[in-house]
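Just so you know, these numbers come straight off a predicted model, no measurement behind them. What you see below is based on every heavy atom in this structure, not just the backbone, and it leaves out hydrogens, waters and symmetry mates. Residue numbering restarts at 1 for every chain, and letters A, B, ... go by the order of the sequence lines.
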There are 2 protein chains.
Amino acid sequence: MVELSTTKDGIANPAEASDRVLQILSEAGRLFATKGYDGTSMRDIAVACGISKSLLYHHFSNKDEIYARVAVGSTLELYLFVRDRIPDGPPSQKIRAFMVATAEYFRRYRWAWIASTTAFWNDPDRHRQKERLTRRDRFEHFLRGLIQEAVDAGEIRKVDVPMTGRLILSSLNWMHRWYNPNKSATPEQIADIFFDMVFNGLRNPALAEPPTVEQPKSSRRKAR
Amino acid sequence: MVELSTTKDGIANPAEASDRVLQILSEAGRLFATKGYDGTSMRDIAVACGISKSLLYHHFSNKDEIYARVAVGSTLELYLFVRDRIPDGPPSQKIRAFMVATAEYFRRYRWAWIASTTAFWNDPDRHRQKERLTRRDRFEHFLRGLIQEAVDAGEIRKVDVPMTGRLILSSLNWMHRWYNPNKSATPEQIADIFFDMVFNGLRNPALAEPPTVEQPKSSRRKAR
DNA sequence: AGCGGGCTTGACCGATCGGTCGGTGAAAAA
DNA sequence: TTTTTCACCGACCGATCGGTCAAGCCCGCT
């Protein structure tokens with residue numbers, strides 16, 4: 001797989017890159033993640049790095065390129081990162097490994113992850129927007145494949161596969177909004193807990209007659 | 001409960017408000033939701049409304065106030081909105097109702113919801129930041145209370161209550177990133193499906209020996 | 001010593017930002 | 001009729017935006 005070097009504040013990057021460039025990417029990632037793309041000025045980045053604004057343009061052609069290096073350096077290889085951490089074994093365990101690996105990625109490249117999942121919901125750059133969606137889809141379809149495997153193997157019941165994928169990804173993607181690196185568990189442990197909850201369910205197995213059987217459609221709250 | 005009038009594009013507002021003000025809030029909410037606070041200029045809002053920029057300042061004192069009216073008008077009463085839709089009955093059904101009600105709120109006040117959950121992760125306005133966190137906490141603790149009820153009643157197993165709350169809220173809070181109002185189910189139906197998955201679990205009940213028993217701690221992937 | 005080239009800078013640019021100001025015109029109030 | 005009120009607008013402000021540029025600084029090479 002592509003080699004990833006871990007640097008301060010977790011910028012994933014191909015090997016060649018000067019310390020200055022890494023510093024800029026690191027500070028920019030943190031700023032993009034906390035203040036957003038539009039809320040972060042080139043001056044902000046320069047000041048955070050203790051350099052002049054002009055120097056940013058010596059190393060990068062414009063603001064977009066810095067963001068692209070932060071976000072793409074983050075998301076480009078997420079699919080590969082996770083795929084290479086899926087062990088052989090029961091499909092349900094692959095799903096667990098998927099969740100834990102994604103959580104590990106989040107922990108290692110936290111700011112870049114947040115910057116890439118937060119900013120640019122609608123990217124004005126059509127090409128980049130399309131590429132981002134392609135990567136996201138590949139990642140999501142990989143998960144759906146694992147879920148389908150588990151269904152076929154009879155390990156999980158016949159659920160709506162895309163919806164199941166969305167539930168699992170939601171639990172991981174929302175983590176950055178409440179996760180505090182100084183407290184509680186590691187992201188990997190949290191992913192593990194979430195897997196247990198979703199896979200085994202919250203319902204008390206000792207409960208003979210579950211209060212919620214397969215609910216009749218008519219009982220659902222109607223949309224108005 | 002507090003009276004909410006439903007207007008075009010779903011701005012919740014106290015009764016007194018001119019059509020113009022509602023139009024501004026509606027357009028501003030949509031823009032804040034899609035382009036972010038910093039990515040939306042006062043000119044953008046004015047153009048979207050087909051009025052002059054000056055007129056915005058006739059109705060609002062500044063940009064922050066427009067955002068506050070959009071976001072606060074959206075989140076202020078979420079807790080009350082949901083609380084009043086929790087029926088009497090088994091605690092697990094209350095949790096389901098909580099999820100469905102939140103989804104209904106999302107559907108009705110979609111742009112305002114997105115704007116308020118997206119922008120201002122770190123609000124420079126300390127007072128408003130504190131108030132926002134207070135509301136969020138009140139909402140989250142209300143859910144935890146329902147979960148604790150269900151645990152005490154023996155309907156769900158002895159889980160980590162805060163973590164369970166985070167899992168449930170994640171599934172709802174992330175919905176705006178993938179939900180397409182033109183396709184698939186209504187938010188309420190999606191919430192219903194998520195509840196079923198989380199409550200009953202994905203595991204095939206026909207499976208005699210689940211491949212994942214309560215996993216030993218040592219098998220967890222260690223953080224590095 | 002002289003020199004070339006990469007790192008670094010401050011001064012500067014046009015555009016756009018949030019916000020202000022004086023005024024217009026029509027309807028309500030007197 | 002006169003006056004007041006108020007939704008509304010175009011022109012404008014200082015500040016800041018992303019980005020440019022010519023020139024210094026520094027260091028190794030000849």
Side-chain angles (χ1 to χ4, degrees), chain A residues 7 13 15-72 115 119-120 122-125 127-128, chain B residues 7-8 11 13 15-72 115 119-120 122-125 127-128:
Chain A
T7 68
N13 60 291
E16 75 292 344
S18 70
D19 286 350
R20 216 355 65 97
V21 167
L22 293 181
Q23 181 199 17
I24 293 171
L25 290 175
S26 168
E27 293 294 336
R30 188 177 52 81
L31 288 169
F32 285 148
T34 53
K35 309 205 306 174
Y37 180 83
D38 291 305
T40 302
S41 71
M42 294 296 272
R43 282 172 183 80
D44 291 338
I45 300 174
V47 168
C49 294
I51 61 178
S52 72
K53 191 162 64 76
S54 313
L55 188 51
L56 295 177
Y57 288 94
H58 176 73
H59 292 291
F60 300 90
S61 60
N62 53 41
K63 185 182 179 182
D64 254 28
E65 189 183 307
I66 297 181
Y67 173 77
R69 279 288 299 275
V70 169
V72 169
F120 278 144
N122 289 324
D123 195 324
D125 182 329
H127 175 67
R128 194 171 53 200
Chain B
T7 68
K8 178 165 62 91
I11 295 293
N13 60 291
E16 74 294 345
S18 69
D19 286 351
R20 226 337 75 92
V21 167
L22 292 181
Q23 181 198 17
I24 292 172
L25 290 175
S26 168
E27 295 293 336
R30 188 176 52 79
L31 288 169
F32 285 148
T34 53
K35 309 205 306 173
Y37 179 85
D38 291 305
T40 302
S41 72
M42 294 296 272
R43 283 171 182 80
D44 291 338
I45 300 174
V47 168
C49 295
I51 60 177
S52 72
K53 192 160 64 76
S54 311
L55 188 51
L56 295 177
Y57 288 93
H58 176 72
H59 291 291
F60 300 90
S61 60
N62 53 41
K63 185 181 179 183
D64 254 28
E65 188 182 307
I66 297 182
Y67 174 77
R69 279 288 298 274
V70 170
V72 168
F120 280 144
N122 290 324
D123 197 322
D125 183 328
H127 174 67
R128 195 171 52 201

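- Residue A/Cys49 holds its SG atom at 5.0 Å from CD of A/Glu27, rounded to the nearest 0.5 Å.
- Between B/Phe60 atom CZ and D/dC8 atom C1' the separation is 15 Å, expressed in whole Å.
- In this structure, B/Met42 and B/Ile66 have side chains that are in contact, with non-hydrogen atoms separated by less than 4.5 Å.
- Note that CG of A/Asp19 and OG of A/Ser26 are 11.5 Å apart. Values are rounded to the nearest 0.5 Å.
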Please write out each protein N/O paired with an N/O of nucleotides 4-7 of chain C under 3.5 Å, distance rounded to 0.1 Å.
| unit_1 | atom_1 | unit_2 | atom_2 | d |
| --- | --- | --- | --- | --- |
| C/dC7 | OP2 | A/His58 | NE2 | 3.3 |

List the protein contact pattern of nucleotides 19-28 of chain D with one symbol per nucleotide (5' to 3'): B for base contact, S for sugar-phosphate-only contact, - for none; contact means a heavy-atom distance under 4.0 Å.
BBB-------
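- Here the OG atom belonging to B/Ser52 is positioned 5.0 Å from the CG atom belonging to B/Leu55, to the nearest 0.5 angstrom.
- Side-chain contact between A/Lys35 and B/Asp38: absent, with no pair of heavy atoms (C-beta onward) separated by less than 4.5 Å.
- Side-chain contact between B/Val72 and B/Tyr67: absent, with no pair of heavy atoms (C-beta onward) separated by less than 4.5 Å.
- Put simply, CD1 on B/Ile51 is 14 Å from C1' on D/dG10, counting in whole angstrom units.
- Counting heavy atoms from C-beta outward, A/Tyr37 and A/Asp64 have side chains that approach closer than 4.5 Å.
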Output a table of nitrogen or oxygen pairs between the protein and nucleotides 23-26 of chain C separated by less than 3.5 Å.
none

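- Summarising the geometry, atom CZ belonging to A/Arg30 is positioned 9.5 Å from atom OG1 belonging to A/Thr40; distances are rounded to the nearest 0.5 Å.
- For the pair B/Arg20/B/Ile51, a side-chain contact is recorded, criterion being any heavy-atom separation below 4.5 Å from C-beta on.
- Atom-to-atom, CZ of B/Phe32 to C1' of C/dG18 comes out at 12 Å; the value is rounded to the nearest Å.
- Annotation: side chain of A/Asp44 is not in contact with side chain of A/Phe32 (no heavy-atom distance under 4.5 Å).
- In this structure, A/Ser52 reaches the bases: a heavy-atom distance under 4.0 Å links it to at least one base atom across the strands shown.
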